[in-house]
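First up is the structure itself, then whatever we jot down about it.
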Amino acid sequence: ALLQVEERESERVAACSSRRWVFLVVCLGALASLFAFQGPDRVSLRSHLEHNIVSEAGTSGYGYFCKHDTSKQSYYSDCDTCVAEPICCDLVYVADSNHAGQTRCTETSLGGTSIDYCAALTYPQACPGAPTPAPTPSPTPEPTPEPTPAPTPTPTSLVGEDYAYFCKHDTSKQSYYSDCSTCVAEPICCDASEAADSSGNSGLKRCTEKSLGVTSIGNCAGLTYPEACMGSSGPQYFCKREDASSYYYSDCQDCVGVAICCNASVAEDADDGAKRCTSSDEVLPRLCYTIEYPESCPSSATRVVDSWDDDLVDRTCAGVSLASGRRLGVDAAGRRLLSTAEAYERLLTGRAGSIEFGYYGSGIVNFGPKDVSRAKTMLVMVHGAGRNGIDYFCSLAALVKESDLDHLDTFILAVQFEYEDDHKTNHIWWNGSKPWGDWRSAGNSAESSGLSVSSFQMLDSFAWNFNEKSVFPNLTEIIFVGHSAGGQAVHRYSMVTQLVEYRHKALVEGAVALVLREGITLKYVIANPSSYTYLDENRWQYNCVSLPYCTDRKYALYSTDKGRSGWAVDRRRFSASARRRRRGFGSSALADYSSSTPFVCKDDNFNEWPYGLNWEKIEKGNIVPFLRNHWNLTAGVKVLFPQRDVTYVSGRKDTCTYDALPFCYASCWKVNSGCAANAIDQRCPAMLQGEHRNRRCKSYVAHLDSYFGTHNHKYVEVPGVGHEAYAVFSGAIGLKTDLLGQSI
C-alpha cells in the first residue's frame, strides 16, 4: 500500500520538448550531521541537542552498529563481526534482537542516524576502514638511529578508480589514449572500464569524444592534470593588457582586470609570439585551479557574471545540445560545507564514485576565482510527476522574460529528480516508494544509485551555496516554485526546511541551524498540488448527494469509526473498465451518505507523513531521515513555518477528478470537450482533504487559519485556468501578484 501510484500530468507547455541535460552536483556536505531531532514538546526553542554522545557502554546517546550478514538489513550492537562500514544509531530507538543481549537498527529506521553523531566514539576495529591500532611502546632501549634513505618518489597517477584522463597523440585521429606522455590537444575524461583496447599500441586503452566510455570532464577533476597537456599546449591563465581590448594573452607580465582560463593548444598566435584568446574561448575554470593565479593581476579586480544568458536559454529550449556541464560539489569526505566558489568545481562522491544530479540553468555557474554573480533573484523550479524539468525551465524562462522583471538579474534553476527507469549513468535516482523513496516527500535517493540523500537536503544545499556572499553579493531572495507534484514537494519543503532566514535568527538561538546571511529572504510558491500535510487530526467531511457537486463541508476531528470502509484506489483507473464500479468508486461512492452522515473514508494511517505529522511516531524516530535529523522539527513546523513567506496558487478550474470518480465539475478545465485528465491523488488521506485540487487548496488554507490563527501565508486563485503550469503562473503574474520576485 505504501508503493507510489504514479501521478500523471497533462501540462502542455509551449516551445519545450527536448530532454537535453546540464549537470549539477550539489553541495550536500553532511547537512544532516549538523542537526539533532527534537521531540514534539510545545516548542522551547532554547532547548537543543538533548542527546549527548556517550561511551560505547552507555544506555543513551549514540553508538556504532555493525552488519553481520550482507544479505540482511540489520546492524547489531555487537561489533566483533563486521562485514561492511558501520552505521550510527540512536540508542533510545534501537530494537531488541533475536541474538541474546544485542540490539539492532537499520539505515532508515530503529534509530539509524548520521554517522557524524558517532564521530567521537572508537571506530570498530572489525569493520572495513578501521585505523591500524598504534603499536604498544617497547620498554627496550632506543637503538642508535640509522640514516633514513630518501623515499622513492611515487609516480603521480592520472587514473582514478574508474575515471582517467585520456590524451590525443595525433591531431588527425579521433582516438585518445590512456598514455598521456604525449598530448597534442586538451585531454578528455573516460571511464577506463569501458574504454577499448588499442590495436596499434599494446597495453593501452583508448576512447573518443563520443564513445568508448567518454564522460564529463568533471569526473576527472580530482585527478592530476596531464603534464604533457599543460604549459604551451594546455589550459593556463590568459591576461588582458588593455581594458578596451577583447583579447587575453598568455604573457601575463601586464594585467588589467581578471585573468581567464584558456586552452593554449587552440589559442591563436599573437604578433609578439604569445598566444591570445577571447572570453568566448574560456574553458572550465577548474582546469586552471592547480596553476598559480597571475600576481600581475590586481587582487581587487572581479568579474561580474550575468545570471541570464539569452543565447544559452534559447539553445536549451530549442533542443540544441549544450557545450558543457555545470557542477556543484562537496569534499570527498562529505564533512564540511564548502564555500560556493570552491563547491562549484567539486564532485559529489558516493559509493559508486562521482555522482551527478541534473538541472537546467539560465546562466553559467562555473565561476572562476575572481567571478561574482549579478543575480538578485534565484528561482528554483521543481517539476511535476512527469519529471520533465526542461519543460518547466522553459516555461518559467518565458514567463520571466515576458514579465516586468529584469531577467538579467534573475537566475533560473530547474531541478531534475529521476527514477531508476529514466536515470542516466552516475545520476542519483529515487525509487518512488512512499514516503521513504519519494522525492516530493523528503525521501532519500536509492542507495543502489550510488548515494542515499534526501531530495529536501538537495534543495537546502542549493540555497546554502547561493548564500555565499563572495560569489552572490547581490542576491536578495531565493524563491522555490513548484507545480502539481512539484507543488507537493515545495509545500512540504517550506514546512520542514532546515534553513533559517536571518530575520528569524533570534528564534533559533542555541540551535544548530543553517542561518542565511542578512538580506536574503526565502519565498515558496506552491501551485495545484494533489495533497497537503496537515498539522493536526482535523479533516474535512462533505456531502455529495447532489452530484456532481459536493457541499456542506465540515471541519472536524477525524474518526475512523464514522468512516466509510472499503475505500481504495482503483488501480485500473486508466483502463476501459476504470469507469465501472469498484471498491470505493461508482455513482454512489460519494453520494450514498445522507446530509447527516457525510462522506468520510476510513484509513487508520490518514495522519501519516506526507499527509500529516504523527508526532508519536516522529518522537520514536519512525520518519524519513531528513525529518528525523532535523535540528528541531517541532520548532520548524510550529514556529517558523507560519512566519515564512508562502503563496498557494490554485486554478479556479482545477476541479477535475479524472474518470475514476463519478463526476466532473462543469467548471473543470476542458480538453476536447472533456475533463482534463490530471490523475488527482484518490487515496483516502487525500480524499479527506477535499474532492478536487481547487477545493483542497482552499481547505488547507482554512486549516492553517484554524491551526495558527495568524500566519504569513497567502492564497491566490487564478480564474479561467485549470491544471496547467504555464497558464496558472502566467495568470498569477497577471493579477500583479509578487510571485516570482521583486515587485511586479
Side-chain angles (χ1 to χ4, degrees), residues 1-7 433-436 438 441 488 492 529-573 577-618 620 622-623 655-663 679-700 702-703 706-707:
L2 292 178
L3 291 178
Q4 173 183 5
V5 178
E6 178 61 24
E7 291 185 14
S433 63
K434 284 186 174 292
W436 303 101
D438 186 9
S441 303
Q488 290 188 54
R492 293 177 177 111
S530 192
S531 67
Y532 298 82
T533 298
Y534 275 63
L535 304 175
D536 58 23
E537 295 190 358
N538 289 312
R539 293 297 187 272
W540 296 90
Q541 303 173 5
Y542 44 92
N543 188 285
C544 299
V545 294
S546 301
L547 289 177
Y549 300 103
C550 297
T551 58
D552 301 328
R553 291 171 184 84
K554 181 181 179 182
Y555 182 64
L557 188 67
Y558 177 74
S559 171
T560 56
D561 293 338
K562 299 178 181 179
R564 171 188 173 87
S565 299
W567 183 267
V569 174
D570 188 340
R571 299 183 185 277
R572 300 178 301 162
R573 60 182 176 171
S577 61
R579 295 173 175 81
R580 300 172 185 167
R581 321 289 186 266
R582 197 165 181 255
R583 294 173 56 207
F585 295 128
S587 61
S588 62
L590 300 178
D592 61 355
Y593 279 68
S594 66
S595 58
S596 61
T597 57
F599 167 78
V600 183
C601 60
K602 179 182 289 187
D603 191 331
D604 291 335
N605 297 316
F606 77 100
N607 201 37
E608 301 298 314
W609 176 266
Y611 299 103
L613 286 169
N614 185 327
W615 288 107
E616 181 179 352
K617 286 192 175 182
I618 293 173
K620 294 178 180 178
N622 189 14
I623 192 66
T655 56
C656 304
T657 55
Y658 201 62
D659 61 1
L661 290 179
F663 56 83
I680 188 173
D681 188 347
Q682 298 158 22
R683 302 174 187 86
C684 178
M687 294 301 297
L688 290 170
Q689 299 179 13
E691 71 275 22
H692 54 67
R693 282 186 173 88
N694 179 268
R695 174 57 59 191
R696 291 177 187 180
C697 188
K698 292 177 180 176
S699 296
Y700 187 71
H703 160 70
S706 173
Y707 188 84

Side chain to side chain contact (heavy atoms under 4.5 Å, CB included) between Val600 and Tyr558: does it pass, once the steps are laid out? CA-CA 9 Å; Val600 183; Tyr558 177 74; 3.5 Å; yes
Any donor and acceptor pair, going by atom type alone, linking the side chain of Arg695 with main-chain N or O of Thr655 inside 3.5 Å? no
To the nearest 0.5 Å, tell me how far Asp536 CG sits from Trp615 CH2. 12.0 Å
Within the distance-only criterion (no hydrogens, no angle test), does the side chain of Trp609 pair as donor or acceptor with the backbone N or O of Ile618 below 3.5 angstrom? no
Within the 4.5 Å heavy-atom criterion, are Trp540 and Arg696 side-chain neighbours or not? no
Which value, rounded to the nearest 0.5 Å, describes the distance between Ser530 atom OG and Gln682 atom CD? 8.5 Å
Do the side chain of Arg492 and the main chain of Ser441 share a donor and acceptor less than 3.5 angstrom apart? no
Between Arg539 and Leu688 the two heavy atoms that sit nearest each other are CB-O, 3.9 Å
Flag, side chain of Asn605 to backbone of Glu608, donor-acceptor distance under 3.5 Å: no
Could you grab the distance from atom CZ of Phe599 to atom CG of Asp552, nearest 0.5 Å is fine? 15.0 Å
In a check of side-chain contact (heavy atoms from CB on, under 4.5 Å) between Ser699 and each of Tyr532, Tyr542, Tyr534, which one passes? Tyr534
Using every non-hydrogen atom in the two residues, find where His703 and Tyr555 come nearest and quote the distance to one decimal. ND1-OH, 2.7 Å
Calculate, to the nearest 0.5 Å, the distance between atoms CD1 and CG belonging to Ile623 and Leu613 respectively. 7.0 Å
Evaluate the side-chain proximity of Met687 to Asp603: yes if any heavy-atom separation is below 4.5 Å, no if none is. no
Show your working on side chain to side chain contact (heavy atoms under 4.5 Å, CB included) between Lys602 and Cys684 and close with a plain yes or no. CA-CA 7 Å; Lys602 179 182 289 187; Cys684 178; 5.7 Å; no
Of all heavy-atom pairs between Pro598 and Gln541, which one has the smallest distance, and what is that distance? CG-OE1, 3.4 Å
Drop me the distance from Asn607's CG to Glu616's CD, to the nearest 0.5 angstrom. 11.0 Å
Hey, does the side chain of Asp438 reach the backbone of Ser433 with a donor-acceptor pair shorter than 3.5 angstrom? no
Just how far is it from atom CZ of Arg693 to atom CD1 of Ile680, taken to the nearest 0.5 Å? 5.0 Å
CA sep, side-chain torsions, deciding dist, call: Gln689, Asp681, side chain to side chain contact (heavy atoms under 4.5 Å, CB included): CA-CA 10 Å; Gln689 299 179 13; Asp681 188 347; over 6 Å; no
Apply side chain to side chain contact (heavy atoms under 4.5 Å, CB included) to Arg553 and Glu691, showing your working. CA-CA 11 Å; Arg553 291 171 184 84; Glu691 71 275 22; 2.5 Å; yes
